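See below for the structure under consideration.
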Amino acid sequence: MSRSGMSARFWGGFGLGAVLLFGVAPVALSDFRLSLLARYLCLAMVAVGIGLAWGRGGLLTLGQGVFFGLGGYAMAMHLKLADAGPGNLPDFMQLYGQLDALPWWWRPFANPVFALAATVLLPMLVAFLLGSLVFRRRVRGAYFAILSQALAAAMAILLIGQQGTTGGTNGLTDFQGFFGYDLDDPVNQRMVYFIVAGALLALLALARQLYRSRYGELLVAVRDAEERVRFLGYNPANVKLVAYVVAAGMAGLAGALFVPAVGIINPSLIGIVPSIEFIIGVAIGGRATLLGPVLGTVALAWAKTGLSERFPDEWTYLQGLLFILVVAFLPGGLASAVRVLRERLARREAGSRPGPGSAPAAAPPPEPAMAAPGEGST
Amino acid sequence: MSVLVSQLFTGVSIGAVLLLIALGLSLTFGQMGVINMAHGEFIMAGAYTVYVLQQVIASAGASLLVALPVAFAVAGAMGVLLEVLLIRRLYARPLDTLLVTWGVSLILQQLARDIFGAPNVQTRAPDALTGNVRVGGDLALANNRLFILALAVLAVAALTLVLKLTPLGRRIRAVVQNRDLAAVSGVSTGRVDRLTFLIGSGLAGVAGVALTLLGPIGPTMGTNVIIDAFLVVVAGGIGHLKGSVIVAFALGTLQSMIEYSTTVSVAKVGVFVAIVAFLQWRPQGLFTLRTRSLA
């Protein structure tokens, strides 16, 4: 398809998504459902970043919850301080009663501009520090995955351990206002939903521009043949670093919006398990596509709220099984199911005998052959 | 002085636990390059083996001794099953192996919850392992910690002997060093892979038995230890047991030292920072196999 054709298709889909999110959903859904959707869309924003770092860059980041949490806590700290009013301690600190004065690292978050900037810049800074240390020394593949996961574990443990200043396992919750607006008011909750939906669309547009740029091609090249890229004169460490930092920023923004949309941030939202759940959604939707991660994450989160309440045990089995089957046998995600099936049918018609024994495992190529350079299809 | 020594002993015993849980991984991850996130659940299986055996065998001491080989067999069988069913198909995609085995670990945890219930269960420790050994002055070494230390040393020694002296060990090392050359020399690499996985997973079962001496056992115990175990192998380097041994004891000591002056949570973060810093110095871990590969 021609480049302009792809572009028209993308913007068509983009417009359709905007109409669905801004026009249809607020009318069709109750306030409760809409706030659930806002929650899913926040998770989907993290997924866009993972799609960039993992799907395009091959960086399996198992600690995206850390950046989500940094953004969320930065926002939550500001809201807590704003609720308490100048000079007062946030309510939970008074409750635990261990502190007489605000800890120094809480203080800057009273400033709304600083707090807003920190929700995105703080995760990016942490990602930059870890990434530049790790990628420059060519720590990669599984090593990187394990380190990123250890970061998530360390962060959750640290937050739980410092109950007096972070709220411990309870996290930060019970926010009254959001920059002067009352969060209990359904109208304002709706406003938060619109902000979330707009942010998600903006991130998708950003991701698409990145994918189509020279940088996007370089990133895929680093994923597929890092050494060749190095021999061509590029520094793969920098290429990876950009993807990792951008993904962290996206996760931070998602966390920041999650706080007003859902009303809580706590360690169980950012540790190892939630971090891997992000990955599951992305894998199921199709890691290298643009919309796959978003749709996969929303579908998974929706199924989780729907099913896990009624069948918590069965849900865990289903989740694990789905994950195993998709990653092992359909590495392109459900987005690639149609293509894989069509290819297999075509091969069968061409007369080669795939034989039942060689069926699923042999079919996908060693590293998933992922979407064509221009995408926009679901 | 005695504070220092007792902290050192705490460090060594934390190191022994780390070593036990990481030893199996240093075989499957270190030697074969397979990232098995379900390793933690094999540890859990070993721990539950003790629990089940104690329902049958009245004596806590006897059940513990019986549990060691049984747990090895149970966890080893689970490992072989996993290797045959899933991992074998994914050798070319290590990162996907990580994710698939995480799915497996999710399912195994839920299985444990369904079979044994979500709350932790308690096992009885043998009387011989509940006391302390007094070593001069006010220095007391806990018996169960000494037992775990002995078990870790024994496991390392046995594994080293197997790897260095037996035909199987020779084949394992050959496959690690050069899979293709081993294959054309007549080594059945698939069979070696399965046996390596059997031993590595079996060692996880043994580690699970040891963990029952330290605390209650529950469905999430695997998740709690797996990261530490992986960090040990990553920092220790691939393809060498001695790297894991040294790093396990070094990290244990470091953790106990930081813990003594601050808190457990700060110690965990400190250990993580130390490992990232260490990888700056030696990105491939403490010991590496010299290869000419670029990757």
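Just so we're clear, the structure is a prediction, and the values are computed from it rather than from any experiment. A, B, ... follow the sequence lines: proteins, then strands. Residue 1 opens every chain.
- More than 12 heavy atoms of other residues, nucleotides or ligands sit less than 6.0 Å from atom CZ of B:Phe278.
- In this structure, A:Tyr143 OH and B:Leu231 CG are separated by 11.5 Å, a value rounded to the nearest 0.5 Å.
- Atom CD1 of residue B:Ile107 and atom CD of residue A:Gln319 lie 10.0 Å apart, to the nearest 0.5 angstrom.
- Residues B:Phe230 and A:Gln149 fail the side-chain proximity criterion, which asks for heavy atoms closer than 4.5 Å.
- Annotation for B:Tyr91: atom OH counts as buried by contact number, over 12 foreign heavy atoms lying within 6.0 Å.
- Contact between A:Ala145 and B:Leu98 at its shortest, heavy atoms only, is CB-CD1, 3.8 Å.
- Heavy atoms closer than 4.5 Å to chain B are found in the side chain of A:Ile279, but not in its backbone.
- Note: A:Ile276 leads A:Leu158, A:Leu147, A:Ile276 in heavy-atom pairs under 4.5 Å with chain B.
- Interface summary for chain A: among B:Val273, B:Thr263, B:Asp114, the most heavy-atom pairs under 4.5 angstrom belong to B:Asp114.
- Taking CG from A:Leu62 and CE from B:Met37, the interatomic distance works out to 6.5 Å, rounded to the nearest 0.5 Å.
- Note on A:Leu321, A:Ile272, A:Leu151: by heavy-atom pairs under 4.5 Å with chain B, the leading option is A:Leu151.
- The line from CG of B:Leu279 to CZ of A:Arg137 is 9.5 Å long, rounded to the nearest 0.5 Å.
- Taking all atoms of both residues into account, the shortest heavy-atom contact from B:Ser265 to A:Gly161 is OG-CA, 3.8 Å.
- With a 4.5 Å cut-off on non-hydrogen atoms, B:Leu86 touches chain A through its side chain but not through its backbone.
- Side-chain atoms of B:Asp96 and A:Leu60, non-hydrogen and from C-beta on, never get closer than 4.5 Å to each other.
- Between B:Trp102 and A:Phe323, the ring planes lie perpendicular to each other; the angle is over 60°, past the 30° to 60° tilted range.
- Contacts between B:Val104 and chain A at a heavy-atom distance below 4.5 Å involve backbone atoms as well as side-chain atoms.
- At most 12 non-hydrogen atoms from other residues, nucleotides or ligands lie less than 6.0 angstrom from CH2 of A:Trp104.
- Within the 4.5 angstrom heavy-atom criterion, only side-chain atoms of B:Val276, from C-beta onward, approach chain A.
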Open item on the list: side-chain contact (heavy atoms from CB on, under 4.5 Å), that's the test. Do B:Val269 and A:Met155 meet it? Break it down for me.
Closed with: CA-CA 8 Å; B:Val269 179; A:Met155 169 106 170; over 6 Å; no

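- Here the CD1 atom belonging to A:Ile146 is positioned 5.5 Å from the CD1 atom belonging to B:Ile35, to the nearest 0.5 angstrom.
- Contacts of A:Ile280 with chain B are made by side-chain atoms alone, with heavy-atom separations under 4.5 Å and no backbone atom involved.
- Formation of a donor-acceptor pair under 3.5 Å by the B:Arg93 side chain with backbone atoms of A:Val327 is found in this model.
- For a residue to count as touching a neighbouring chain, one of its non-hydrogen atoms must lie under 4.5 Å from one of that chain's; by this rule B:Leu99 touches chain A with backbone and side chain alike.
- Atoms CD and OH, on B:Gln109 and A:Tyr317 in that order, are 11.0 Å from each other to the nearest 0.5 Å.
- Only the side chain of B:Phe29 comes within less than 4.5 Å of a heavy atom of chain A; its backbone N, CA, C and O stay farther away.
- Within the 4.5 angstrom heavy-atom criterion, atoms from both the backbone and the side chain of A:Ala142 approach chain B.
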